[in-house]
There are 2 protein chains.
Amino acid sequence: MDNLKISAAEMQAIKAQMKAKGLRITPQRFAVYANLLHRDDHPTVEAILTEINCELPIASKASVYSALTVLREVGLVREVLLDEGVTRYDARITPHHHFICQNCGAIADLDWDALGELPIHRLPPGFQLEGYEVILKGKCDRC
Amino acid sequence: MDNLKISAAEMQAIKAQMKAKGLRITPQRFAVYANLLHRDDHPTVEAILTEINCELPIASKASVYSALTVLREVGLVREVLLDEGVTRYDARITPHHHFICQNCGAIADLDWDALGELPIHRLPPGFQLEGYEVILKGKCDRC
DNA sequence: TTAAATGCAAACTATTTGCACGTAA
DNA sequence: TTACGTGCAAATAGTTTGCATTTAA
């Protein structure tokens, strides 16, 4: 059912999270969410599809899109707009920033407290701030 | 040739900028760049196309894509990844941040110095920072 | 049992490409 | 004059949709 080696306990925990959001547990949805939880490379739909179908076919592309849509709707995953033309997904929903390597394109998560509180001097009048995200660019450790 | 009312002087200035980058001046390229310089709504290709062809047809969609590609290559315009599925363009190349209204989707520029210097506590070892951009989310003045 | 999810294929949208023709320098 | 740009149409890539079939609860 799944090419990840996860304990039964963790499997239950993941399912519990999904149930708590009112989602029906299907093998496809579980595979997508579990896969996303176990990687930190902000994969595209294509990449998720390849990994979960690696050993034996489990989900179609349409189902991956569908699973991601509901998972996003209930707030278990979010999409990241860091790449041209493709949407990438992330199951890490606690606030954090992103570092993009301009050499190899790698995307690294940056803990929220790696940056201090953002000093906002002046927001245009009438604007209400609800959140922010910083995108850092440069060279990663491997480049 | 163009539905914008710009002075001959400004026209020359724009052409000079393009020539300085080694670009051949064609009506299509000029229209695209001049249009982009005169708006601040980070338009999509579709929006640019509509505006420059508003009075009389001047450019095809392929030419707008082509113009944007060269303009981007020489650094006169940049793309902004703030929207799902579409690439938006910006002729404002000096560093600035973006505010996205989560209600109406409007994208507003935020001057660089509206925010203070970003306090970077700890960057992972081996990472070299070259620049950053902040994306703020909330409600704009009209919502 | 049954409302909801899946899979497939077709539709759609954004973008790219190939090539004959036109034009800026 | 000629290398380069344009326009059109066809190709590609990412994503969405319609519908018959299957399945989780």
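Per chain, numbering begins at 1; letters A, B, ... match sequence-line order. Source: prediction; values computed, not measured.
Counting heavy atoms of neighbouring residues, nucleotides and ligands inside a 6.0 Å radius, atom CG of A:Asp113 exceeds 12 of them.
C:dA5 atom C1' lies 17 Å from atom CZ of A:Phe30, rounded to whole Å.
Side chain to side chain, B:His38 and B:Glu10 meet the donor-acceptor criterion of an N or O pair below 3.5 Å. Counting only N and O atoms by type, the side chains of A:Ser66 and A:Ser63 include no donor and acceptor under 3.5 Å apart. Between the side chains of B:Asp111 and B:His97, no donor-acceptor pair of N or O atoms lies under 3.5 Å.
Read 5' to 3', the first and last nucleotides of DNA chain D with an atom closer than 4.0 Å to a heavy atom of chain B are D:dA3 to D:dC8.
When atom types are taken as modelled, the side chain of A:Arg72 and the backbone of A:Glu79 share no donor-acceptor pair closer than 3.5 angstrom.
Nucleic acid contact class of A:Ala67 (heavy atoms, under 4.0 Å, all strands): none.
For B:His42, the ring-ring contact (aromatic ring centres under 6.0 Å, His included) test picks out B:His98, with sequence neighbours left out.
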Check: Where do A:Glu46 and A:Lys61 land on the salt bridge (Lys or Arg N to Asp or Glu O under 4.0 Å) test, with the steps shown first?
Finding: CA-CA 8 Å; A:Glu46 206 57 47; A:Lys61 192 179 281 198; 3.0 Å; yes

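Because its NZ or CZ atom is not both nearer than 6.0 Å to the ring centre of A:Tyr132 and within 45° of the ring axis, B:Lys137 does not count as a cation-pi partner of that residue.
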Check: Base, backbone or nothing for each nucleotide of nucleotides 12-25 of chain C, written B, S, -, heavy atoms under 4.0 angstrom, 5' to 3'?
Finding: --SBBB-----BBS

